[in-house]
Enquirer: 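One structure coming up, written as structure tokens, with questions to follow.
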Protein chains: 2
Amino acid sequence: MATRTPRIYDVARSARVSIATVSRVANGTARVYERTEARVRRAMERLGYRPHALARGLATRRSHTLGLLITDILDPYFAEIVRGAQERAESAGYVVLLGDASVHTSAEDLLVKRLLERRVDGLIVASSRTTDAYAAQLASEDIPVVCINGPLGQFAHAVQIDHRKGARLAVEHLASLGHTRIAHITGAVGVPTRQERLAGYRAALKDLGLSYDPSLVIAGVTSIADSHDAVAGLLGLAAAPTAIFAFNDRWAIGAYAAVRDAGLRIPADVSVVGFDDLEMDEWVQPALTSVRQPRREMGRIAADVLLAVLAGESASELVVVEPSLVIRGSTGTRRAHADRH
Amino acid sequence: MATRTPRIYDVARSARVSIATVSRVANGTARVYERTEARVRRAMERLGYRPHALARGLATRRSHTLGLLITDILDPYFAEIVRGAQERAESAGYVVLLGDASVHTSAEDLLVKRLLERRVDGLIVASSRTTDAYAAQLASEDIPVVCINGPLGQFAHAVQIDHRKGARLAVEHLASLGHTRIAHITGAVGVPTRQERLAGYRAALKDLGLSYDPSLVIAGVTSIADSHDAVAGLLGLAAAPTAIFAFNDRWAIGAYAAVRDAGLRIPADVSVVGFDDLEMDEWVQPALTSVRQPRREMGRIAADVLLAVLAGESASELVVVEPSLVIRGSTGTRRAHADRH
DNA sequence: CTGTTAGCGCGTTCAG
DNA sequence: CTGAACGCGCTAACAG
């Protein structure tokens, strides 16, 4: 019996009602007599009816799909955001369609094109590569967009961590341990948040009465290997830093390797603080002190804002999330004789 | 100018042709005069036409969407599979819809229901929780399914790594370093691949003339913490193992912690081998020796098989992928005095 | 409360 | 080579 998957019409016939009634009970769109409803439900059950989301979307002009733009699903930072967004979306009967920039060799707008063709109802932009021009283009599409940790003021809705405060937490922690020469490995050029964190770093130094040394700030790092090289360079300096604040945990790991290669130890010789608080932080040796970013919650909030907009409710334009410092084994007091030169 | 996103009808009118012609040039479905085609293309360009994937899917009975069932996107093992599948799907104009079991609090079949409602054209099942009953249910749906590292013989198409060989590689390596008491932390009960790897472990021991000691095989481990506890127990044994072969890298990391807690060192006192070859393996201390599983390629292959089936081509029922051993710093020769008791 | 009917946007015969 | 018309499966008025 090659019974195709049943349509709404099949259910209607089987329950001896019109397709409109079936639709009504399927969506709870209008009142239906208890008895007819029961009949319909039984028919749906018997036939194993599954509403056709595409057809429904065509009629409703709602795909019940959220687009989520990320840079790389292999990066735990993004993976957690995805998780959070999916959790929230799921609870509202929505599905999220991933646009992973690293999957496409071509330009990133092809990615967006794919999502828009799919008629996603809204878009969450978490990709860290969003240039201003790109952002403007996105914003001009007529679907709601909410941006996570992106450029400020480019999108109608945004959720951000307080980058400055996060950087400040790191620097203050290191300073409290006696460190005065604190290096900073910043984000890749083009990553919108790098300026914010750098600003926080500088502000904290200033407030603590520490001098800002440009030679201790390394930019242009785009990989763990890059970070390794950058830190190797720093450690070779005449006035080498005794502490390193990395833009994220992955680059902190690159720093780990460089410190080891230099025959030094963490935290005895060099303290390291990362940013993100990934799961692996607890398992690396020594465990990595890091600025925690509630990524999953941020994904959830972004989805929440989007769903609110879609529901016609008013939604906050900017949600700022609080960072916190998770102190582990990679930071320690600066030893008196630690300045090697 | 609140110009809505244009429909095929708008393009047709603007190019002074019928929608049928627009459809033809959009899909290359039939020959069209060069001149008319040019007119149509210009109109599409001018209006910024984007075909409506839902409507197209409704008419074609093809959603151009692949469903991908996984256990947890936060687990790098699955993330890489996703990546591979997406890459392949993308190149064919398909999109992949993620069904993440850890997102749903409810039963897993709700997950499948969501995907089927979306009318995915095919399904890749990579979730490690697939029970036999569940598999049977999935297979009974009338869409093609390909399974990654799942139970054998349950699905029409499968791609697997050679689990036995992988386990054998690990055991042979350890044995070659002089280890005779090699423990195995197996997969969680219900994970279909655990039996295979366990079998490989036992077969290798036998071939090497080593005795099989049931007390060195720990089952029921489902988390890094579990693994930690299991290994702690092993190390407390009168005849403690000098080497540990873990079901996956995450649990190997749990073993790391237990070894440290016991005041022992890796690899001096205990050697550890993992399975998967995750990125972090290179960054943990010492770097983890692991059986490499080409996860991304497996995802790609799975998508490939699925697309072939969808294209009506014949596709291989079973693709077996080769594992390889990546030797790093966590394995070393067994010291003569290593047996502590 | 329920059935009829007209689209949603597009692919696809079938004539011309 | 091109256009008119129907149908994909479902929702949303509009009558009844």
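Chain naming here is simple, since letters A, B, ... match the order of the sequence lines and numbering starts at 1 in each.
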Enquirer: Identify whether the distance between the nearest side-chain nitrogen and carboxylate oxygen of Glu45(A) and Arg41(A) falls below 4.0 Å.
Expert: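 Here Glu45(A) does not pair with Arg41(A) in a salt bridge, since their nearest N and O are not under 4.0 Å apart.
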Enquirer: Ignoring backbone atoms, test whether Thr60(B) places a side-chain nitrogen or oxygen under 4.0 Å from the OP1 or OP2 oxygen of dG11(C).
Expert: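 Indeed not, no polar side-chain atom of Thr60(B) lies that close.
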Enquirer: Is it the case that the side chains of Ser14(A) and Arg16(A) hold a donor-acceptor pair, with the cut-off being a distance below 3.5 Å and no angle test?
Expert: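 No, no side-chain donor-acceptor contact under 3.5 Å.
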Enquirer: Mind calculating the distance between CG (Leu58(A)) and C1' (dG7(C)) to the nearest angstrom?
Expert: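 These atoms are roughly 9 Å apart.
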Enquirer: Find the bend of the helix from dC1(C)-dG16(D) to dG16(C)-dC1(D) as the angle between its two terminal axes (five pairs each), to the nearest 10°.
Expert: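 It comes to 40° between the two terminal axes.
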Enquirer: Expressed as a whole number of angstroms, how long is the span from Tyr9(B):OH to dG9(C):C1'?
Expert: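 After rounding, the reported distance stands at 13 Å.
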Enquirer: Taking only the side-chain heavy atoms of Ala59(B) (C-beta and beyond), determine which of dG11(C), dT2(D), dA12(D) contains the nearest atom.
Expert: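 Given the options dG11(C), dT2(D), dA12(D), the side chain of Ala59(B) is closest to dG11(C).
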Enquirer: Output the rounded distance in Å from CG (Asp10(B)) to C1' (dC8(C)).
Expert: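 In whole Å, dC8(C) C1' and Asp10(B) CG are 14 Å from each other.
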Enquirer: Would you say a side-chain N or O of Arg61(B) is under 4.0 Å from OP1 or OP2 of dC8(D)?
Expert: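 Answer is no, no contact under 4.0 Å.
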Enquirer: Check every atom of dT11(D), dG11(C), dT2(C) against the side chain of Tyr33(A) and return the nucleotide holding the closest atom.
Expert: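 Comparing dT11(D), dG11(C), dT2(C) against the side chain of Tyr33(A), the answer is dT2(C).
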Enquirer: Check whether the side chain of Arg24(B) and the base of dG3(D) form a donor-acceptor pair under 3.5 Å.
Expert: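 Yes.
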Enquirer: In whole angstroms, how far is the P atom of dT13(C) from the CD1 atom of Ile19(B)?
Expert: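 Taking CD1 of Ile19(B) and P of dT13(C), I get 15 Å after rounding.
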Enquirer: Regarding Arg7(B) and Thr5(B), is there a side-chain donor-to-acceptor distance under 3.5 Å anywhere?
Expert: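 The criterion, which ignores hydrogens and geometry beyond distance, is satisfied for Thr5(B) and Arg7(B).
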Enquirer: Which part of the nucleic acid does Val17(A) contact within heavy-atom distance under 4.0 Å: base, sugar-phosphate only, or nothing?
Expert: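 The residue Val17(A) makes sugar-phosphate contact but no base contact.
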Enquirer: Mind checking if Thr21(A) touches a base, just sugar-phosphate, or nothing, with heavy atoms under 4.0 Å?
Expert: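 The answer is sugar-phosphate, as Thr21(A) gets under 4.0 Å only of primed atoms, P, OP1 or OP2.
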Enquirer: Pairs of donor and acceptor atoms involving the side chains of residues 24-32 of chain A, under 3.5 Å and at least two apart or interchain, shall be tabulated with distances.
Expert:
from, atom 1, to, atom 2, distance (Å)
Asn27(A), OD1, Arg56(A), NH2, 3.2
Asn27(A), ND2, Ser23(A), O, 2.9
Asn27(A), ND2, Ser23(A), OG, 3.4

Enquirer: Figure out the CD/C1' separation between Glu34(A) and dT2(C), and round it to whole Å.
Expert: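 Interatomic distance, CD of Glu34(A) to C1' of dT2(C): 17 Å.
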Enquirer: Taking for each residue the nucleotide of DNA chain D bearing the nearest heavy atom, is the 5' side occupied by Val32(B) or by Ala55(B)?
Expert: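 Of the two residues, Val32(B) wins.
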Enquirer: Of the nucleotides dC1(C), dC1(D), dC10(D), which one has an atom closest to the side chain of Arg31(B)?
Expert: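 For the Arg31(B) side chain, the nearest candidate turns out to be dC1(D).
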Enquirer: Show which side-chain atoms of residues 143-152 of chain A pair as donor or acceptor with protein atoms under 3.5 Å away, not counting sequence neighbours.
Expert:
from, atom 1, to, atom 2, distance (Å)
Asn149(A), OD1, Ile161(A), N, 3.1
Asn149(A), OD1, His163(A), NE2, 3.3
Asn149(A), ND2, Tyr77(A), OH, 3.0
Asn149(A), ND2, Gln293(A), OE1, 2.6

Enquirer: Between Asp10(A) and Arg13(A) (salt bridge meaning N to carboxylate O under 4.0 Å), is one present in this structure?
Expert: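 Salt bridge between Asp10(A) and Arg13(A), a charged N being under 4.0 Å from a carboxylate O: yes.
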Enquirer: In whole angstrom, what separates Arg56(A)'s CZ from dA12(D)'s P?
Expert: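 Nearest whole value for this atom pair: 10 Å.
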